[in-house]
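All values reported here derive from a predicted model rather than from experimental measurement.
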Amino acid sequence: MNADPDILQLKYADVIALLARTEGISLDTALGMFYKSKTYQLMRKGVSDMHCMSCAYLVESILVEST
């Protein structure tokens with residue numbers, strides 16, 4: 001299933017904002033982490049409906065990747 005591109009962009013923004021708040025980092029740093037993550041690639045490709053997961057789940061996934 002593919003998400004509507006506009007909805008997906010909003011989801012990306014929410015995940016990036018939560019990542020920045022959770023880690024106490026700038027939005028620019030969070031943006032870089034997000035776009036370099038495998039989680040973003042899966043969301044973008046519509047794999048396993050990753051875009052349907054909660055923002056908290058997606059942030060945790062990104063943090064696990066980065067360790």
Side-chain angles (χ1 to χ4, degrees):
M1 175 180 169
N2 288 329
D4 178 272
D6 294 329
I7 302 281
L8 203 51
Q9 291 297 319
L10 293 171
K11 184 74 165 199
Y12 294 162
D14 290 344
V15 171
I16 292 163
L18 182 58
L19 180 59
R21 282 194 311 272
T22 301
E23 291 299 291
I25 57 178
S26 71
L27 286 172
D28 286 339
T29 301
L31 183 72
M33 285 177 69
F34 177 74
Y35 281 119
K36 291 176 186 171
S37 72
K38 291 177 187 173
T39 300
Y40 163 68
Q41 295 299 323
L42 294 173
M43 288 176 70
R44 188 173 63 89
K45 293 177 183 176
V47 174
S48 299
D49 291 336
M50 289 291 285
H51 59 278
C52 296
M53 303 297 178
S54 72
C55 291
Y57 176 87
L58 296 168
V59 166
E60 184 64 29
S61 178
I62 292 166
L63 294 174
V64 167
E65 286 179 42
S66 66
T67 57

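Residues satisfying the side-chain contact (heavy atoms from CB on, under 4.5 Å) criterion with A56, sequence neighbours excluded, are L18, S54. With sequence neighbours left out, Y35 forms a ring pair (Phe, Tyr, Trp, His ring centres under 6.0 Å) with Y40. The side-chain contact (heavy atoms from CB on, under 4.5 Å) check on A30 picks up I16, L19, A20, I25, with sequence neighbours excluded. The side-chain contact (heavy atoms from CB on, under 4.5 Å) test applied to E65 returns S37, K38, T39, S61, not counting sequence neighbours.
Identified under the side chain to side chain donor-acceptor pair (under 3.5 Å) test for residues 14-23, with sequence neighbours left out: none.
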Sequence neighbours excluded and cut-off under 3.5 Å, please list the side-chain donor-acceptor pairs for residues 4-12, or say none.
unit_1: D4; atom_1: OD1; unit_2: D6; atom_2: N; d: 2.9
unit_1: D4; atom_1: OD1; unit_2: I7; atom_2: N; d: 3.3
unit_1: K11; atom_1: NZ; unit_2: M53; atom_2: O; d: 2.6

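Across all their heavy atoms, L58 and M50 have their closest contact at CD2-O, 3.7 Å.
Hydrophobic clustering of Ile, Leu, Val, Met, Phe, Trp and Tyr side chains at less than 4.5 Å, counting indirect connections, keeps V64 apart from Y57.
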